[in-house]
Amino acid sequence: MGQLEHISEIADGRLLRLDLGASHPYLATHPDDVQQVLRRESENFIRDGVFWRPLRELMGDSILAEGAEWEHSKRVLQPVFTTRNVNTLTDLMAEAINDAVDKLDEPARAGTPIDVLPEMCRIVNETVIKVLFGDKISRSEADLLIPTFDQIATKIAFRFLLPFVPRAIPMPGDRAFRDAVQVMDDTLFALVERYRNDPGPGQDIFTALCHARTAEGSGLDDRWVRDNLLAMFSTSTETTTLALTWLWPLLHDHPEVAERLQTEIQGVVGTERVRASHLDHLPYVKQVVQELLRLYPVGWMFPRMATEPTDMRGVRIRPGDTVLISPYLTHRLKSVWDEPARFDPDRFLPERARHYHRYAYFPFGGGPHQCIGRHIFNVEAQLILTSILSRFRPRLSEAVPAEPQIGATLRPRKPIEMTLIPHRRSA
Ligand code: HEM
């Protein structure tokens with residue numbers, strides 16, 4: 001049993017107090033407790049404290065902040081993510097995804113295995129840049145930004161996991177982290193400079209931020225645009241990339257699910273290029289993505305800090321106490337889920353899904369900070385999965401350990417290699 005499975009067994013719905021040396025956060029896994037923190041007492045449990053410090057230092061006053069700064073950024077960005085606006089973006093998204101997946105044809109024809117994580121990263125980035133950032137980030141800027149964000153995401157993990165180590169004590173990754181932030185700042189500030197006063201009419205994140213920046217008396221500066229660009233780029237790419245990376249080992253271990261998916265997709269999409277309108281006819285694809293995020297909710301753990309005294313499960317929580325919330329652990333509780341370790345997309349048949357506690361399954365969090373990218377993610381993930389499986393049959397080179405590496409997000413422990421076998425097409 002892996003480390004995380006072990007914690008999940010011990011926690012099973014109880015409120016635990018962890019001993020992390022200098023700090024003793026609570027770990028709340030029961031759906032009622034999660035609801036109390038994220039929803040019922042969301043004003044008491046805020047995004048502050050030592051765990052948030054590295055992110056706060058990196059993205060200051062962005063949508064990942066708290067209070068007035070968060071509210072302001074959210075007001076500007078929310079319109080990009082309404083169901084209505086997302087629906088207008090889906091055809092563009094399908095097109096971008098098909099183009100990105102086209103580049104898998106060559107290794108598939110040659111029978112060369114692909115390295116899954118960087119390929120998913122490429123597909124997601126090409127899509128996100130075109131659709132969410134209005135194609136304002138050039139190829140060469142993207143080539144700089146993508147590995148830089150990757151550096152930042154991995155390096156920040158040390159600080160995230162050991163937040164109590166004072167800044168003066170050097171840690172592995174500190175230097176590379178600083179260098180990466182410098183490269184990113186140079187690129188992002190140059191972009192803001194170029195588009196600040198004339199972003200154009202698009203419905204994308206970049207345009208929304210620049211319009212808010214230049215609005216009469218807005219008081220917003222370039223730093224605010226940069227913080228939000230960084231926040232949005234990192235939340236929209238790393239999460240989607242990692243979720244889609246875990247899909248392939250799951251399909252490898254569950255050939256019956258892979259077979260059902262292939263059959264559904266062949267029946268609906270056939271030899272066409274996938275379109276957003278296909279998704280309405282692909283219910284199993286949707287269930288597979290939901291179950292994927294049950295087992296691998298890539299924002300696997302997030303902390304809150306109490307500002308007022310309160311009670312949880314009969315325990316007194318004091319101001320300043322940290323409560324950790326983990327979709328990964330709650331999604332694997334034996335008291336909540338039947339055979340939690342099993343990958344079973346039929347859990348999300350609508351008639352079954354209706355009966356779960358609202359906070360038994362919360363890959364996108366809940367309450368006022370609930371993920372604003374959830375509709376985008378769902379459409380994007382379903383389109384990428386469908387586009388790839390409509391053309392290829394995936395074959396993993398070897399089985400992959402199911403237990404992820406613990407970091408700020410959930411990464412596989414080693415590279416995943418996969419060969420794509422093109423479907424035989426009748427002429
Ligand atoms: C697998 C995909 C994703 C997962 C698992 C995920 C997960 C989450 C979670 C758990 C939160 C809540 C954090 C908290 O309560 O402190 C969150 C917030 C957020 N997510 Fe996502 N996310 C995903 C994709 C995306 C995408 C594609 C975008 C943007 C396009 C995005 C943008 C955001 C933003 C901006 C917030 C902060 C919202 C706020 O505080 O008001 N996420 N996400």
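Atoms within a ligand are numbered from 1 in the order they appear, just like the ligands themselves. All figures in this text were calculated on a predicted structure; none of them were measured in a lab.
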Looking at [X] and [Y], does any basic side-chain N land under 4.0 Å from a carboxylate oxygen?
| X | Y | answer |
| --- | --- | --- |
| Asp91 | Arg275 | no |
| Arg395 | Glu417 | no |
| Arg332 | Glu339 | no |
| Asp115 | Arg122 | no |

Met93: which of Thr127, Ile384, Leu132, Val128 passes side chain to side chain contact (heavy atoms under 4.5 Å, CB included) |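 Looking at Thr127, Ile384, Leu132, Val128, the match for Met93 under the side chain to side chain contact (heavy atoms under 4.5 Å, CB included) is Thr127.
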Could you check Ile123, Asn125, Val124 and say which one makes a side chain to side chain contact (heavy atoms under 4.5 Å, CB included) with Cys121?
->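 Going through Ile123, Asn125, Val124 one by one, the side chain to side chain contact (heavy atoms under 4.5 Å, CB included) with Cys121 is satisfied by Asn125 alone.
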Considering only protein heavy atoms, which is closest to [atom], and at what distance to one decimal place?
| atom | result |
| --- | --- |
| atom 16 (O) of ligand 1 | Arg304 NH1, 2.9 Å |
| atom 37 (C) of ligand 1 | Leu64 CD2, 3.8 Å |
| atom 12 (C) of ligand 1 | His369 O, 3.6 Å |

Any idea which part of [X] is under 4.0 Å from ligand 1, heavy-atom wise: side chain, backbone, both or neither?
| X | result |
| --- | --- |
| Glu66 | neither |
| Leu132 | side chain |
| Met232 | side chain |

Assess Glu380 for proximity to ligand 1: is some non-hydrogen atom of it under 4.0 Å away?
->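 Judged by the 4.0 Å heavy-atom criterion, Glu380 does not count as contacting ligand 1.
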Is the Phe362 to His331 ring centre distance short of 6.0 Å?
->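 Between Phe362 and His331, the centre distance is under 6.0 Å.
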Heteroatom proximity flag, Gln370 to ligand 1, N/O under 3.5 Å |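 Not met; the criterion fails.
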Within the side chain of [X], is there an N or O that forms a donor-acceptor pair under 3.5 Å with the backbone of [Y]?
| X | Y | result |
| --- | --- | --- |
| Thr88 | Asn85 | yes |
| Glu66 | Arg47 | yes |
| Asp33 | Arg313 | no |

Please could you name the atoms of ligand 1 that [X] approaches to less than 4.0 Å, counting only its heavy atoms?
| X | result |
| --- | --- |
| Lys74 | 41 (O) |
| Val298 | 1 (C), 5 (C) |
| Thr240 | 27 (C) |
| Arg47 | 14 (C), 16 (O), 39 (C), 40 (O) |

Looking at Leu324 and Met301, what are the two nearest heavy atoms and their distance?
->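 Closest pair (atom of Leu324, atom of Met301, distance): CD2-SD, 3.6 Å.
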Counting heavy atoms only, which of Ala231, Ser62, Pro363 is nearest atom 5 (C) of ligand 1?
->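 Among Ala231, Ser62, Pro363, the closest heavy atom to atom 5 (C) of ligand 1 comes from Pro363.
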Run down the list Trp70, Trp246, Phe81 and name the one with the heavy atom closest to atom 41 (O) of ligand 1.
->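 The nearest heavy atom belongs to Trp70.
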Hey, is CZ on Arg39 packed in by over 12 heavy atoms from elsewhere, all under 6.0 Å?
->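 Counting neighbours around CZ of Arg39, 12 or fewer heavy atoms of other residues, nucleotides or ligands fall under 6.0 Å, so no.
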In sequence, state the C-alpha distance, the side-chain angles, and the governing distance for Glu41 and Thr310, and then conclude on side chain to side chain donor-acceptor pair (under 3.5 Å).
-> CA-CA 9 Å; Glu41 294 185 26; Thr310 187; 2.9 Å; yes
Under 2.8 Å from atom 21 (Fe) of ligand 1, which protein atoms of type N, O or S occur, listed by chain and number?
->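 Protein N/O/S atoms under 2.8 Å of atom 21 (Fe) of ligand 1: Cys371 SG.
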